[in-house]
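Residue numbering restarts at 1 for every chain, and letters A, B, ... go by the order of the sequence lines.
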4 protein chains.
Amino acid sequence: MATARTTAAERRRQILDAAVRVFARQGFHTCRVSDIADEAGVAYGLLYHYFRSKDEVLDTLFLERWDVMVELIEQVDARTELTAREKLAAITSFIIDSYRHDPDLMKVVIVEVTRAANTFGRTHLDAINRAYGSIAKIIEKGMASGELRDTITPQFAAMTFYGAIEQALTGWIFDMLPTGDESFEQIKGFVVDTICGGLDARPAPDPPAGV
Amino acid sequence: MATARTTAAERRRQILDAAVRVFARQGFHTCRVSDIADEAGVAYGLLYHYFRSKDEVLDTLFLERWDVMVELIEQVDARTELTAREKLAAITSFIIDSYRHDPDLMKVVIVEVTRAANTFGRTHLDAINRAYGSIAKIIEKGMASGELRDTITPQFAAMTFYGAIEQALTGWIFDMLPTGDESFEQIKGFVVDTICGGLDARPAPDPPAGV
Amino acid sequence: MATARTTAAERRRQILDAAVRVFARQGFHTCRVSDIADEAGVAYGLLYHYFRSKDEVLDTLFLERWDVMVELIEQVDARTELTAREKLAAITSFIIDSYRHDPDLMKVVIVEVTRAANTFGRTHLDAINRAYGSIAKIIEKGMASGELRDTITPQFAAMTFYGAIEQALTGWIFDMLPTGDESFEQIKGFVVDTICGGLDARPAPDPPAGV
Amino acid sequence: MATARTTAAERRRQILDAAVRVFARQGFHTCRVSDIADEAGVAYGLLYHYFRSKDEVLDTLFLERWDVMVELIEQVDARTELTAREKLAAITSFIIDSYRHDPDLMKVVIVEVTRAANTFGRTHLDAINRAYGSIAKIIEKGMASGELRDTITPQFAAMTFYGAIEQALTGWIFDMLPTGDESFEQIKGFVVDTICGGLDARPAPDPPAGV
DNA sequence: GATGAATGAGTATTCATTCAT
DNA sequence: GATGAATGAATACTCATTCAT
């Protein structure tokens, strides 16, 4: 009799986890609140004890995940021993592993928020821009140190880099790319190689002078 | 001898043009059929003389535009005097000019179809893949001729290239990039430079042998 | 160049005939005005040159047919050489032959008008009652002459008689009775035999005294 | 200790009862779902908690009533002490009393289903035929025992019998027959007398041999 | 906390009818 | 006469949200 069967926090999490599966499967606009409740095994009225609205469920899911990602980017940036390319590789790895670990959640984050210019994307524009900004800072430092070319703006480079990752995730979401551990690792390499190395053939860049 | 006031084809176009504006402004899911009709200045019943449903209006808009783009890509590919990089530059230029010329239409194509994994994106997956495939062919030839590195698959390279363009368009759609003629031209260069040249600093590639 | 290709009366008839087929196939409420026009091979706007409304088409079809039937009943009644049973047999034969000759029309008359208590049946109640009344008169005379029993009212007898015929037609309409010439003739006999002779087993009635 | 204000079953019944009144008054096709809800004193959305569609409301009403009738017919048939005529009289009495007790419901059953050859009649053809079949069995036994003439098929006799009853109900529905207890009882007798005794005048059938 | 009955705003679609050509 | 584009009234149904129990 010591522990309650289900704590409030657990119930809330139970609903959020169900919502991820339902949003990923049916899409935010197409699913019903009762679909989420069914998936969670609770009455649909209960959802309104934990969230103000259906929108708030998606907002919560997005921000939970996005904040982790932004924090990771900032932590990576703080590791001064890494080159810019290594930092970008770390970020790529983290995001792709996030998808590998919970594809439903990442699908929801991207499809329902990040790319929804008329609805949630607009709402969370600040959060999205924060991520771009953090990446841009990494690139800016790489440019300053001479590691990266400064022929484009760091902001645009950040957008392209993040866009390449998102495009890869989209490939998985649309079943255009193969899944499987090797595939995930291969694509990680592709992303960094393409963005940093470019498509053009040419001799490998000179190793940094004094190293 | 006066011309007929409005032909059937003109009315149809009138409705499609109105739909573009309304979809861009409010989003497909958020707007009402009557909003389109109001914007077009016709009774909403008339929409059903020209289209089977609201969905069909969006499908029509998307395919009209997408087919033009796929055709352009194939035409570019056929110009054997161009290098792969020049072909990619031509495609980039065309798509960005498309946005510059009719931002509402491109916004609808991207936001409501291309990136809508749970609804129209899934429907038009074949059309979308046809575009990727055509770009991949260009890249494949570039790899075969030695112009491009073949360390990644042409398919992935195509996705990343197209993703970079779409990300730029998204930047304009979200008001994250400045508009204006110079900006458009600058971004064109950024896209090709980033994708082909990469972010890494290094000596310019050796000039082709016999030139 | 002497005759117009199609006279107004012919066009009108063409539309009415098409309407019969469409009403029979789809039902009055379920079919569209354009279905009738398509079946007739004319533009749907033309229907409104010949009829005030969709309702009027059905009204016209019903009254055309019903008036013929009422007139037939009255003509039969006038033939004083016939017994009541012979008169009823003649009416039965006429109605069943009407169905045999044009099942669609009779289906429409019965299903869409005669039995539609909430719509057209109420509208044409007078016409319907005129038929009952004429049949009742035949029965009344049969009762007066001693040919028929007068234990029930002529009005009720007329309803039951007509109801038996309509029930037979309904059997054909619902595919519950076999079609084919013999079947039609057999049912004619059944109707008169059942209504006049009853279901009870017993000796044939005595022949009329002085005959 | 107060009882719950309204149970789910009661609400459902409340809606069904309201639907009967509305269907009888306005007809199924002519009434709106909100008319039913208004009559029941509930929000129209609630109707969709208890029924999948407007159609299902009518289906439910019909089957509820029709199943009771078929069961009654079978129970009557099982009473071996009754003659066929007595069985038919019992069925007639039951159906006419059903109308007397709830004319709206019987009107809906007949007008909107039983006689609606293009819509619900077709849907419920099996149920309708089950009733005919049970009546035909009664008649068949009567023929086998020599009580009834076997000059027509039991199936046709059943149709005519049921048709006579339905015609009587139609007479009330169309206000062509007087209402009032005596009238109901009189018509009961008329139906059985007409169907069993026939219209022809003749001596009463011989009493069964050994009685 | 938990339930699900109750509410009613919101919308795509149909189709009879009109009328300019 | 003939056409079919144009109109807009009419309606079933969905579903987020509330709230009594």
Side-chain angles (χ1 to χ4, degrees), chain A residues 4-8 11-12 29-37 41-57, chain B residues 2 4-8 10-12 15 29-37 40-57, chain C residues 4-8 11-12 29-37 41-57, chain D residues 2 4-8 10-12 15 29-37 40-57:
Chain A
R5 194 54 59 97
T6 313
T7 66
R11 269 276 190 265
R12 194 183 144 89
H29 283 104
T30 316
C31 82
R32 310 198 287 264
V33 168
S34 67
D35 291 331
I36 302 172
V42 301
Y44 57 82
L46 190 58
L47 194 141
Y48 290 89
H49 271 273
Y50 295 100
F51 305 95
R52 231 187 308 274
S53 68
K54 188 185 174 190
D55 281 22
E56 202 188 67
V57 175
Chain B
R5 198 58 59 93
T6 315
T7 68
E10 284 165 355
R11 267 277 190 268
R12 195 183 143 91
I15 292 171
H29 284 104
T30 316
C31 82
R32 308 204 283 283
V33 169
S34 65
D35 291 333
I36 302 172
V42 300
Y44 58 83
L46 190 59
L47 192 141
Y48 291 91
H49 265 272
Y50 294 99
F51 304 94
R52 240 188 301 276
S53 65
K54 189 185 173 191
D55 279 24
E56 204 187 65
V57 175
Chain C
R5 195 54 61 94
T6 314
T7 67
R11 267 277 189 267
R12 195 184 143 89
H29 282 103
T30 316
C31 82
R32 311 199 285 263
V33 168
S34 68
D35 291 332
I36 301 172
V42 299
Y44 57 82
L46 190 57
L47 194 139
Y48 291 89
H49 271 272
Y50 294 100
F51 305 95
R52 232 188 306 275
S53 67
K54 187 185 176 190
D55 281 22
E56 203 188 65
V57 176
Chain D
R5 198 57 59 93
T6 315
T7 68
E10 283 165 356
R11 266 278 190 268
R12 197 183 142 90
I15 292 170
H29 284 104
T30 316
C31 81
R32 308 204 284 282
V33 169
S34 66
D35 291 333
I36 303 172
V42 300
Y44 59 83
L46 191 59
L47 193 141
Y48 291 91
H49 266 272
Y50 293 100
F51 305 95
R52 240 188 301 275
S53 66
K54 190 185 172 190
D55 279 23
E56 203 187 67
V57 175

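- The distance from atom CZ of C:Phe51 to atom P of E:dT18 is 15 Å, rounded to the nearest whole Å.
- Within the 4.5 Å cutoff, no side-chain heavy atoms of C:Lys54 are placed close to those of C:Val57.
- The base-pairing partner of F:dA20, taking Watson-Crick or G-U wobble contacts with both distances under 3.5 Å, is E:dT3.
- For D:Ala43 against D:Ala37, the heavy-atom pair with the smallest separation is C-CB, 4.0 Å.
- Residue B:Arg11 places at least one side-chain N or O under 4.0 Å from the OP1 or OP2 atom of F:dA6.
- If you find the closest nucleotide of DNA chain F to D:His29 and to A:Ser34, the one lying nearer the 5' end belongs to D:His29.
- Nearest to the side-chain atoms of A:Val33 among the listed nucleotides E:dG8, F:dA6, F:dA16 stands F:dA16.
- C:Glu56 and C:Phe51 get closest at one heavy-atom pair: OE1-CA, 3.2 Å.
- Contact detail for D:Tyr48 and D:Tyr44: the closest heavy-atom pair is CD1-O, 3.6 Å.
- Both D:Ala43 and A:Gly41 lie near DNA chain E, and the one whose nearest nucleotide falls closer to the 5' end is A:Gly41.
- If you take CZ on B:Arg12 and CG on B:Leu47, they are separated by 10.5 Å, rounding to the nearest 0.5 Å.
- Whole-Å rounding puts the D:His49 NE2 to E:dG4 P distance at 11 Å.
- Phosphate contact (OP1/OP2 of F:dT17, side-chain N/O of A:Tyr48, threshold under 4.0 Å): present.
- Put simply, CD1 on C:Ile36 is 13 Å from C1' on E:dT17, counting in whole angstrom units.
- For B:Leu46, the side-chain atoms get nearest to F:dA6 when compared with the rest of E:dA6, F:dT3, F:dA6.
- In the set F:dG4, E:dT13, E:dT3, F:dG4 carries the atom at the smallest distance from any side-chain atom of C:Tyr44.
- Atom pair A:Lys54:NZ and F:dT18:C1' shows a separation of 17 Å (rounding to whole Å applied).
- Nearest-nucleotide assignment on DNA chain F puts the 5′-proximal partner with D:Arg32, out of D:Arg52 and D:Arg32.
- The residue A:Ala8 sits close only to the backbone: its heavy atoms come under 4.0 Å of sugar-phosphate atoms, none of a base.
- The nearest whole Å value for the distance from the CG atom in D:Leu47 to the P atom in F:dT14 is 11 Å.
- Here the side chain of B:Tyr50 is nearest to one of E:dA12, E:dA16, F:dA5, namely F:dA5.
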